[in-house]
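Working notes, structure below.
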Protein chains: 2
Amino acid sequence: MANINDVSRLANVSKATVSRVLSGSRGVKEESRLAVMQAVEALQYKPSMIAQSLSTQSTGCIGVICAAENINQSTGYLHALEKELRLNQKYLLLRFATDAASLSHSVDEIGRGLCDAMIVIGARFALPALPDNVITIDCLDADSGRSIHFDRSFATETACQYVLQQGRRQIALINFENSDAAGQILQGYHLALEKFLLPYDRRLVHSGDQALTQLLAQNVPFNALLVPDDATAQDALRQLAQLGRNVPQAVMVFSLDSTLPPGASAIPAIAWPLETLAQRAMALLAGQFSANTGEPVRGQLSLPA
Amino acid sequence: MANINDVSRLANVSKATVSRVLSGSRGVKEESRLAVMQAVEALQYKPSMIAQSLSTQSTGCIGVICAAENINQSTGYLHALEKELRLNQKYLLLRFATDAASLSHSVDEIGRGLCDAMIVIGARFALPALPDNVITIDCLDADSGRSIHFDRSFATETACQYVLQQGRRQIALINFENSDAAGQILQGYHLALEKFLLPYDRRLVHSGDQALTQLLAQNVPFNALLVPDDATAQDALRQLAQLGRNVPQAVMVFSLDSTLPPGASAIPAIAWPLETLAQRAMALLAGQFSANTGEPVRGQLSLPA
DNA sequence: TTGTACGCGTTATCAA
DNA sequence: TTGATAACGCGTACAA
């Protein structure tokens, strides 16, 4: 592989001039510029990113650490982030983490020069102490300065409103287990009920692995079912089908967290605006922390095609 | 951030000795070794990966380019590959590509020193010319030396066998559009029918966007439906539900390509052995091309929980 | 407008 | 067993 010396030799100029031409700086005689371009073409010269990185002390790599429980949920993020990163001439280094320890390990490891910054996504566990160049998306943490949160309360309210519009007044809710997100969801649920003057029936609200089973055991009729994410939705759809309860005729299942593009979901859902999210992440990475109002991101109603 | 000079100074040894200690080489006096270790600890010194890369001419980064149409299908691969790469102290640089041009572009870009090698996954378009350090998984290409293929014929045969065991003798098939994979699927379908002495009814076989619509328009009864992947399966499930045809009672839908872990799929499917696949990819990357017999990978029957 | 020389942080070589 | 020094390939002050 040809290096900058080979090019400078062939073009009869110095390394510096070659570098100047390639970085598009002015103040280079057209003649030299041409000579350099020709030499570059002839030698098929491509600057080495490693050497560039050593010089500039920046690799252009952004570590993305997926800490979401159901990894299928993260594909949407990855796609959106990769697209946005590429637009900014940056690279996406992918990692998965399942707990605070593995997250810490990854941050240490790829932070040793390989990555300029990192993004942690969807962690449902308590976060360890993180360096300044790490931002979080939809994670369990209080530091809103470097983090992007979701407005799950609003999402749940929107969901309730939608199913009510569809004539469903008995809204069951399957929730996450005690976490910040769970609290928000419950809050949105309460708000919606109040707003529409509906009674709160605790027998319709459950959480945890056995949530649906518990719900069905109550023998309380319901014609809408809010679930916290797509994985839970799949599960619910399967169980309801086995019981012969038609979806959506008998029960309308609604997912409060879908990363599928609008229309791709088989059920109504709240979809998070992935492009916007990715752009906000970029802004945060660029150090524009001031632009981060800490305002949680609001999802959009997404209906099946 | 402290560098090797700071350490050598504090430990009263030369850079070379520090490097020796950290790379675990023998031939270092215990006394010096201790001094170095202490200095490292005191300064919280972590060697810079970039500088290491410049020296060794290798970053440890492996580019993974997802070229699959439905990106949700690729999450399984990503997870398996990341795990295996981490085991080998390597890093996963993620890219998406939609066609030959964008693939070429990515290969050029991240091949400029950033990545030691690359893996292309699931491309359904004709591949451009690729450097030696690129391997492919489930792509449209003939070069079996650096590529891993799937045995879709066997998968389809297995699928037919399963649905037949479940008492379904009218097996409809939705196929990819004319590609190598489509040919294999058709072959497996024919083989299974022959084996079980069933007649071939062309009205049961369709491909393309309107496949399911065409199939239903034929008005030929069927009680099993083979679809090429999970996305098509979702689509089929939705359409069948709208027509009031119960799944799996009336029609058993079977996905010929699921990357979900066994038991996670809502329908019976052929799942590819992701760990094995990742390991084979590592072997190929390690240059053990001889170990690649070109033998296509066989999937496993995966039933809903 | 151009070239020289040095810094980036590490590994490898070679002589001591 | 150790240290000085040369790569590795590029960016960039600074001088000309």
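Chain identifiers are assigned alphabetically (A, B, ...) following the order of the sequence lines, protein sequences preceding nucleic acid strands; residue numbering begins at 1 within each chain. All figures in this text were calculated on a predicted structure; none of them were measured in a lab.
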Legend entry - Any B:Ser19 side-chain nitrogen or oxygen under 4.0 Å from OP1 or OP2 of C:dT11: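 Checking C:dT11 against B:Ser19, a side-chain N or O does come within under 4.0 Å of OP1 or OP2.
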Legend entry - Phosphate-side-chain proximity, B:Gln57 and C:dT10, N/O vs OP1/OP2 below 4.0 Å: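 So the side-chain polar atoms of B:Gln57 never come under 4.0 Å of the phosphate oxygens OP1 or OP2 of C:dT10.
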Using a strict 4.0 Å threshold on nitrogen-to-oxygen distance, state whether [X] and [Y] make a salt bridge.
X: B:Arg152; Y: B:Asp257; answer: yes
X: B:Asp180; Y: B:Arg124; answer: no
X: B:Lys15; Y: B:Asp6; answer: no

Inset, instruction - Would you mind telling me which residue lines up with the more 5' stretch of DNA chain D, B:Asn12 or B:Ala51, judged by nearest nucleotide? - result: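 The residue whose closest nucleotide sits nearer the 5' end is B:Asn12.
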Legend entry - Atom pair distance, as rounded to whole Å: CZ in B:Arg9 and P in D:dG3: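 After rounding, the reported distance stands at 14 Å.
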Legend entry - Gap between atoms NZ and P, on B:Lys29 and D:dT1 respectively (whole Å):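 My rounded result for the distance is 9 Å.
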Between protein and nucleotides 14-16 of chain C, what N or O pairs are separated by less than 3.5 Å?
none

Inset, instruction - Check each residue of residues 31-38 of chain B for a non-hydrogen atom within less than 4.0 Å of any atom in DNA chain D, then write out the ones that pass by number, or none. - result: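 Contacts with DNA chain D under 4.0 Å: B:Ser32.
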Inset, instruction - Tell me which nucleotide among C:dG3, C:dT2, D:dA4 gets nearest to the side chain of A:Val13. - result: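 Per side-chain heavy atoms of A:Val13, the pick is C:dG3.
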Inset, instruction - Counting heavy atoms from C-beta on, name the nucleotide in C:dG9, D:dA13, C:dT11 closest to the side chain of B:Gln52. - result: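 Of the options given, the side chain of B:Gln52 lies nearest C:dT11.
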Legend entry - Side-chain donor or acceptor of A:Ser147 paired with backbone N/O of A:Ile135 under 3.5 Å: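 No; judged by distance alone, with no hydrogens or angles, the pair does not exist.
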Legend entry - Verdict with reasoning, B:Tyr77 to B:Leu277, per side chain to side chain contact (heavy atoms under 4.5 Å, CB included): CA-CA 9 Å; B:Tyr77 293 112; B:Leu277 220 49; 3.7 Å; yes
Inset, instruction - Using only heavy-atom distances, determine whether the side chains of B:Thr75 and A:Thr75 contain a donor-acceptor pair under 3.5 Å. - result: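 Yes, because at least one side-chain N or O of B:Thr75 sits under 3.5 Å from a partner of the opposite role on A:Thr75.
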Inset, instruction - Using only heavy-atom distances, determine whether the side chains of B:Asp99 and B:Ser102 contain a donor-acceptor pair under 3.5 Å. - result: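 Yes, B:Ser102 and B:Asp99 have a side-chain donor paired with an acceptor closer than 3.5 Å.
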Inset, instruction - Just report the end-to-end axis angle for the helix from C:dT1-D:dA16 to C:dA16-D:dT1, five pairs per end, to 10 degrees. - result: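 Its terminal axes enclose an angle near 40°.
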